[in-house]
Amino acid sequence: MLPVLLLLLLLLACPGSSAGGLGITARTLSPCYSADLRPASDRLVSAVGCTVLLTIPPLKASEVVFWEYKTGLQEGVIVNYAFDRPANTSRPYENRTRFNETDFSLQIVLQQGDDRLYRFRSESEATGWFQLRVVEPLSEPEIVGNSSVKAGGNTKLVCNVLEGKADLYWWKKNGELLLGSDHIQFVDNTTLCIVKASMNDSGYYACVVRNEVSQNETSFLLHVQNAANVVLPVILACVIIGLLAGVFVWCRRRDRQCHNGCSNAFQTGVNQAAATFGVEQKQRMCRPTLETCSLMGKELERLRSCCLPLMVVVVDAAWGVPDV
């Protein structure tokens, strides 16, 4: 019993001892993605780019204080402060920390690599080690897969996250949670497999990802084609294009006949009229033919502008629109 009491006395008398029960309280400052902003003791989860405030209870008077970190067996000093000189910040933490000389609190703008243990120490006291976990927020995921599939075929959608590590994945269709079945299957939750797709599988599929500090999602439109309607749009498009080509050739021929008619068929009469009545009578004879040519050119442009959108509408109607 006596050796145990002596050991406790030595710990209490040892400078920097944490036997006094001092602890660090930390919280993430707003705004910070979806991170928990409530104060925590012993352990806090925060995000890269966010600011964390570390505070301590009142301490006994001391001439020198330190904020320290530990990673594995490696320990280092973040900032040390003596009452007769300015606080000294170590290079890795320069320009991203703020030390309060009144209450000794410390603010840190977090980066990758700040996931480590922290403590405050004076000449006579020290807090316990506080664990700070730093997580990278998730970027918007992307869904990779075929946007169109034939009815009866199989397809899969893969959800990828480019930045950050997702802890949870889940899928929704048209805003409702998707559950696994023989028809809908999940591979590691990152891949959605649809077996023997039907027309009812058309719609918007969303992949939702989440980790401890953020949540994000993206959507993807899947269109299931009716196998009976696959050839029809191609036939309709070919027919409409052929009709347009025929109308175009016919109008061009009529256009040339108009100008040739004015220059050949009426040339003799026009020349005689010009010799007898003057140039004004010649212009009056040609004007009806020229006006006819102009009207035919306008009709050609109208046909081209109307038929092309009509072809697109017919093709869309033949393929069908997904029921979402």
Side-chain angles (χ1 to χ4, degrees), residues 1-33 35-137 165 211-213:
M1 186 67 181
L2 184 59
V4 175
L5 293 175
L6 291 175
L7 179 60
L8 290 175
L9 291 175
L10 288 173
L11 289 174
L12 290 173
C14 179
S17 172
S18 60
L22 297 176
I24 294 175
T25 300
R27 65 185 179 94
T28 302
L29 303 182
S30 179
C32 182
Y33 305 98
D36 191 349
L37 304 182
R38 294 174 298 180
S41 57
D42 297 329
R43 184 178 185 272
L44 177 71
V45 179
S46 192
V48 172
C50 296
T51 301
V52 167
L53 174 64
L54 306 174
T55 59
I56 58 170
L59 297 176
K60 299 176 182 179
S62 179
E63 294 184 358
V64 182
V65 295
F66 304 87
W67 276 101
E68 299 174 327
Y69 69 86
K70 181 169 71 171
T71 304
L73 299 177
Q74 179 186 2
E75 295 186 18
V77 176
I78 301 172
V79 61
N80 64 81
Y81 172 67
F83 291 96
D84 58 349
R85 60 180 184 271
N88 181 29
T89 304
S90 62
R91 186 176 298 275
Y93 289 89
E94 287 181 349
N95 302 320
R96 63 186 186 95
T97 59
R98 179 181 298 177
F99 176 72
N100 189 315
E101 299 178 0
T102 302
D103 60 9
F104 304 143
S105 63
L106 180 67
Q107 291 185 25
I108 306 175
V109 179
L110 299 177
Q111 296 180 352
Q112 289 281 8
D114 287 339
D115 194 322
R116 50 183 55 166
L117 300 174
Y118 296 84
R119 78 170 179 180
F120 178 87
R121 180 173 63 85
S122 68
E123 292 179 311
S124 59
E125 298 175 282
T127 66
W129 289 102
F130 182 91
Q131 182 180 6
L132 179 59
R133 174 165 165 73
V134 181
V135 179
E136 184 177 7
K165 182 180 179 181
N211 64 10
E212 293 177 282
V213 297

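We use all heavy atoms of the structure for the numbers below, so side chains are in, but hydrogens, waters and symmetry mates are not. Heads up: numbering here begins at 1 and tracks the sequence.
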Spacing of Lys165 atom NZ and Glu212 atom CD [to the nearest 0.5 Å]:
10.5 Å
Is Tyr118 close to Leu106 at the side-chain level, that is, under 4.5 Å between some pair of heavy atoms?
no
Which heavy-atom pair separates Val48 from Tyr33 by the least distance, and what is that distance?
O-CE1, 3.8 Å
Closest approach of Val64 and Ala82, non-hydrogen atoms and distance?
CG2-CB, 4.2 Å
Distance-only, no hydrogens or angles: does the Arg96 side chain make a donor-acceptor pair with backbone N or O of Val109 under 3.5 Å?
yes
Mind listing the closest non-hydrogen atom pair of Glu136 and Asn211 along with its distance?
O-ND2, 3.1 Å
Measuring from Trp129:CH2 to Phe120:CZ, what's the distance to the nearest 0.5 Å?
13.0 Å
Heavy-atom closest pair (Arg121 atom, Ala126 atom, distance to 0.1 Å) is CG-CB, 3.9 Å
As an exercise, state the distance from CD of Gln131 to CG of Leu44, rounded to the nearest 0.5 Å.
10.0 Å
In short, Ala26 meets Val52 closest at the heavy-atom pair CB-CG1, 4.4 Å
Report the C-alpha distance between Ile56 and Glu125 in whole Å, list the side-chain angles of each, state the deciding distance to 0.1 Å, and finish with yes or no for side-chain contact (heavy atoms from CB on, under 4.5 Å).
CA-CA 12 Å; Ile56 58 170; Glu125 298 175 282; over 6 Å; no
Side chains of Arg43 and Arg133: does their closest heavy-atom pair fall under 4.5 Å?
yes
Compare every heavy atom of Pro57 with every heavy atom of Gly23, then report the nearest pair and how far apart it is.
O-CD, 3.2 Å
Thr25 pairs by side chain to side chain contact (heavy atoms under 4.5 Å, CB included) with which of Asp42, Leu53, Leu54, Thr55?
Thr55
Distance col, row Leu132:CG vs Ile108:CD1, nearest 0.5 angstrom, shows 7.0 Å
In this structure, CD1 of Ile24 is separated from OG of Ser105 (nearest 0.5 Å) by 11.5 Å
Member of Thr51, Val79, Thr89 meeting the side chain to side chain contact (heavy atoms under 4.5 Å, CB included) criterion with Thr97:
Thr89
Taking it one step at a time, do Val77 and Tyr93 satisfy side-chain contact (heavy atoms from CB on, under 4.5 Å)?
CA-CA 10 Å; Val77 176; Tyr93 289 89; over 6 Å; no
How long is the straight-line distance from CZ of Arg119 back to CZ of Phe66, given to the nearest 0.5 Å?
10.5 Å
Would you call the rings of Phe104 and Phe99 parallel, tilted or perpendicular, where under 30° means parallel and over 60° means perpendicular?
parallel
Considering only heavy atoms from C-beta outward, does the side chain of Cys32 approach that of Val213 to under 4.5 Å?
no
